[in-house]
2 protein chains.
Amino acid sequence: MTLKELAERLELSPTTVSRALNGYPEVNADTRARIVTAAREYGYRANTMARKLATGRSMAIGHVIPLSAHQMINPIFAEFMAGASEIYSSEGYETLLSAVPQANEVQTYRELARRRSVDGLIVHTPRLDDPRVDLLRELGLPFVVHGRSVDIDEDRPVYLDINNRRSFEFATNYLIELGHRRFALLNGIETISFARRRRFGFEQALDAQGLRAPASRMVNMEMTETNAYDVTCRWLREPQPPTAILTSSTISALGVARAVRDAGLELGVDVSLISHDDDLSFMANEGDPPPFTVQRSSVRDAGAKCARMLIDHIAGKKVSSEIWDCEFIEGRSTGPAPKET
Amino acid sequence: MTLKELAERLELSPTTVSRALNGYPEVNADTRARIVTAAREYGYRANTMARKLATGRSMAIGHVIPLSAHQMINPIFAEFMAGASEIYSSEGYETLLSAVPQANEVQTYRELARRRSVDGLIVHTPRLDDPRVDLLRELGLPFVVHGRSVDIDEDRPVYLDINNRRSFEFATNYLIELGHRRFALLNGIETISFARRRRFGFEQALDAQGLRAPASRMVNMEMTETNAYDVTCRWLREPQPPTAILTSSTISALGVARAVRDAGLELGVDVSLISHDDDLSFMANEGDPPPFTVQRSSVRDAGAKCARMLIDHIAGKKVSSEIWDCEFIEGRSTGPAPKET
DNA sequence: CGTTCCTCTCAAAGCGTTTTGACGATATGC
DNA sequence: GCATATCGTCAAAACGCTTTGAGAGGAACG
């Protein structure tokens with residue numbers, strides 16, 4: 001069923017039918033009612049491609065996920081997408097996904113722009129000196145960054161980020177106040193900018209107390225359960241093991257927890273742990289109190305928010321960047337520093 | 001830069017240019033070379049929407065993810081998508097994602113079909129008596145099912161599944177041979193068909209030995225770490241706790257492991273655990289031996305395979321369904337049944 | 001009654017491709 | 001040398017919608 005056919009059946013012109021269905025004002029209320037009813041009856045839907053061609057808008061938002069060298073897929077990404085995708089659907093947008101090897105990333109953005117496949121893009125996990133921001137500006141595609149790319153205050157793109165520095169500074173201070181002195185940080189890879197910010201917060205808090213963590217106690221790696229387990233096991237075998245560990249995801253936190261238990265120690269007693277918590281649905285840190293003490297910020301909400309910002313941005317509205325604070329949640333993984341033996 | 005402009009610059013007709021770029025044979029080799037060079041030079045790319053409209057093919061594959069009532073996002077899904085998406089890109093297809101509340105699911109499929117937005121679909125985690133298979137047939141859209149919907153041998157759609165029944169039967173037998181007699185099964189929700197198959201395998205193996213697990217020891221729930229933890233804690237507090245647990249995902253396995261340790265018991269000694277393992281990149285069950293004994297099947301590979309099958313299906317090739325066997329991997333979570341005290 | 005102004009509807013011109021069918025020009029066969 | 005095939009190119013017609021600009025018909029006004 002095409003617009004033309006529908007118009008013929010109604011003995012109206014395609015123009016009128018199109019206008020009626022798209023809510024333009026210049027059509028008689030009775031006529032519109034007739035058209036809408038008929039459209040529903042025949043199950044008519046405008047052909048997406050024809051509409052896109054005619055309007056020049058693709059009504060699609062692109063997400064480019066680079067498959068990293070280690071072929072690691074960020075589970076956080078799925079949660080973000082769920083949040084974003086819901087908003088897109090409700091606004092009539094489609095979600096276009098491109099999983100490409102990181103080497104083809106720039107090329108993918110270029111293609112997307114040249115073929116006019118998307119009206120806008122979300123840039124995920126910006127890296128330091130990320131080329132994508134400049135690229136997208138050059139290509140003239142609207143975009144929103146999830147995270148912050150650079151620290152320069154002017155000429156920043158629209159972004160949504162959490163206050164990583166403050167979050168980790170706060171968490172570190174919390175542990176310092178519990179009497180901890182030997183710290184370790186299990187962080188994401190530092191080419192991704194949030195990892196740097198977290199480290200700054202961590203170091204800043206320690207610094208203020210004249211403390212510091214040796215380089216071997218600040219590790220950057222992909223945040224898998226196994227990686228976290230391995231590193232923690234190593235730390236716990238050292239003569240003066242850390243008593244306070246900060247980690248960048250609940251997945252790593254599980255690895256830390258496993259290592260602590262395997263070492264015959266108890267979390268919240270011998271070793272305290274604070275994690276960042278993206279509030280992943282399948283990895284919920286629930287309970288009263290929950291198992292882990294965390295700094296929580298829902299990545300799903302972030303997805304929804306970014307989607308809104310981008311849609312507004314595309315619509316030409318002025319949107320301003322946001323920085324969210326994490327919610328500190330006391331769980332069972334923290335406690336006073338153990339007495340020195 | 002449009003086709004027409006490019007043609008003008010070359011003093012050729014759009015027809016010839018289009019043919020040259022799309023590799024049709026009826027164009028002179030010299031002319032083609034000239035055209036290709038010019039296209040590259042000007043950075044010309046065909047406008048996707050115009051092409052779609054003209055060809056009637058959308059060159060996009062749809063994935064509809066229902067957001068369940070509990071707002072739970074399947075992390076397995078992300079991994080599947082990564083595998084599939086890579087294939088799509090390499091074949092020139094785009095990936096269209098729709099995250100919709102489960103209530104709108106059928107409607108979403110209908111829309112997708114009526115607007116002709118996609119050339120084909122992947123149906124995820126089919127449920128028992130899944131309406132989607134019939135719906136898609138009615139709509140005439142090619143699709144591939146990841147998992148199996150029904151057991152009727154005839155008139156099955158094209159699908160890719162793993163041998164869930166056999167996998168769990170084998171795992172259960174393995175534990176029986178280790179001397180275990182008190183079993184428990186931590187399963188996914190049974191409206192999803194794989195969960196039923198796994199239970200059948202489990203029960204079949206027990207049955208063959210005259211054993212059975214009480215209903216309270218066969219639990220169906222969303223596979224989160226916390227859920228698994230809670231249920232296992234409850235079991236371990238019972239007078240005759242299970243010594244052998246089977247679970248449907250490594251995420252639940254982590255919950256079980258945490259509960260076992262919190263109960264002061266040791267995995268592989270007091271309690272044995274075999275898990276299904278989707279080989280998620282962020283949840284890798286690595287080590288030598290790995291922490292968990294598992295039945296492994298890469299969901300990422302499954303994604304890639306489904307993508308291939310679907311593309312072939314769309315191309316009109318005959319494709320046949322596949323059932324994959326899991327790979328049994330012995331880890332440290334299993335051991336001989338503890339002696340009765 | 002003539003003019004002006006709305007209101008509603010329509011014909012037609014895009015949007016940027018692909019694809020059909022035709023047509024000169026050159027090569028091939030007898 | 002004439003008919004026939006082959007090659008390379010093109011004009012024009014889709015594809016199914018939106019949007020522009022115009023016009024028919026009535027109502028309102030002087």
Side-chain angles (χ1 to χ4, degrees), chain A residues 1-36 38-39 42-60 92-94 111-119 315, chain B residues 1-36 38-39 42-60 92-94 111-119 315:
Chain A
M1 168 70 60
T2 70
L3 182 67
K4 209 162 104 190
E5 284 166 26
L6 182 63
E8 274 164 17
R9 280 215 226 284
L10 286 162
E11 302 193 321
L12 286 170
S13 76
T15 311
T16 307
V17 177
S18 169
R19 295 219 141 126
L21 294 175
N22 291 310
Y24 283 81
E26 52 271 89
V27 41
N28 188 308
D30 293 353
T31 317
R32 163 167 291 140
R34 235 179 89 218
I35 295 174
V36 169
Y42 294 119
Y44 167 78
R45 287 282 138 180
N47 178 307
T48 336
M49 305 154 214
R51 162 178 284 176
K52 287 174 178 178
L53 182 57
T55 56
R57 309 189 51 193
S58 70
M59 290 308 284
Y93 279 87
E94 291 176 338
E111 295 275 283
L112 246 30
R114 287 203 289 220
R115 325 181 94 118
R116 310 226 151 282
S117 304
V118 298
D119 289 338
Chain B
M1 168 72 58
T2 72
L3 182 66
K4 210 161 101 189
E5 282 166 28
L6 183 62
E8 273 164 17
R9 280 213 226 286
L10 286 162
E11 301 193 325
L12 287 168
S13 76
T15 311
T16 307
V17 178
S18 169
R19 297 218 138 126
L21 294 174
N22 290 310
Y24 283 81
E26 52 271 88
V27 41
N28 188 308
D30 293 352
T31 316
R32 163 169 292 139
R34 235 180 89 219
I35 294 174
V36 169
Y42 294 120
Y44 168 78
R45 288 280 139 180
N47 178 307
T48 337
M49 306 157 217
R51 163 177 285 178
K52 286 174 176 177
L53 181 58
T55 56
R57 307 189 53 194
S58 70
M59 289 309 283
Y93 280 87
E94 291 174 338
E111 296 274 283
L112 247 30
R114 287 203 290 221
R115 328 180 92 118
R116 309 228 152 282
S117 304
V118 298
D119 289 338

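Since the structure is predicted, the reported quantities are computational estimates derived from the model, not experimental observations. All chains are named by letter (A, B, ...) in the order of the sequence lines, taking the proteins before the strands, and each is independently numbered beginning at 1.
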- Item | Interatomic distance where OH belongs to Tyr24(B) and P belongs to dT6(D) [whole Å] | 21 Å
- Length of the CZ-C1' vector between Arg116(B) and dC17(D), whole Å: 15 Å
- Could you tell me the separation between the CD atom of Glu5(A) and the P atom of dG16(D), rounded to a whole number of Å? 8 Å
- In terms of side-chain geometry, is the basic nitrogen of Glu94(B) or Lys52(B) positioned less than 4.0 Å from the acidic oxygen of its partner? yes
- Query: How many Å lie between CE on Met1(A) and C1' on dG16(D), as a whole number?
  - Reply: 13 Å
- Item | Nearest heavy atoms of Ala7(B) and Pro14(B), plus distance in Å | CB-N, 3.7 Å
- Task: Show your reasoning for whether side-chain hydrogen bond (donor to acceptor under 3.5 Å, both in side chains) applies to Ser117(B) and Thr48(A).
- Result: CA-CA 6 Å; Ser117(B) 304; Thr48(A) 336; 3.0 Å; yes
- Is the closest side-chain donor-acceptor distance between Tyr24(B) and Arg32(B) under 3.5 Å? no
- How far apart are the closest heavy atoms of Ala20(A) and Ile35(A), and which atoms are they? CB-CD1, 3.4 Å
- Given Tyr44(B) and Arg9(B), is the side-chain hydrogen bond (donor to acceptor under 3.5 Å, both in side chains) satisfied, shown in steps? CA-CA 12 Å; Tyr44(B) 168 78; Arg9(B) 280 213 226 286; over 6 Å; no
Tabulate protein N/O versus nucleotide N/O from nucleotides 7-10 of chain D, keeping only pairs under 3.5 Å, one per line.
residue, atom, partner, partner atom, Å
dT9(D), OP1, Thr31(B), OG1, 2.8
dT9(D), OP2, Asn28(B), N, 3.3
dT9(D), OP2, Thr31(B), OG1, 3.3
dC10(D), OP2, Ser13(B), N, 2.8
dC10(D), OP2, Ser13(B), OG, 3.2
dC10(D), OP2, Thr16(B), OG1, 2.9
dC10(D), N4, Arg19(B), NH1, 3.3

- Message: Could you check whether Asn22(B) and Arg51(B), counting side-chain N and O atoms only, form a donor-acceptor pair closer than 3.5 Å?
- Response: yes
- Item | Rounded interatomic separation in angstrom, taking CG from Asn47(A) and C1' from dA14(D) | 14 Å
- For atom CG of Leu3(A) and atom P of dG16(D), their distance in whole Å: 11 Å
- Query: Quick one: do the Thr16(B) and Ser13(B) side chains pair a donor with an acceptor below 3.5 Å?
  - Reply: yes
- To the nearest 0.5 Å, tell me how far Leu6(A) CG sits from Ser18(A) OG. 10.5 Å
- What is the distance, rounded to the nearest whole Å, between atom CG of Asn22(A) and atom C1' of dC17(D)? 9 Å
- Message: Expressed as a whole number of angstroms, how long is the span from Met59(A):CE to dC17(D):P?
- Response: 16 Å
- So the contacted stretch of DNA chain C, first to last nucleotide with an atom under 4.0 Å from a non-hydrogen atom of chain B, runs from dG16(C) to dG21(C)
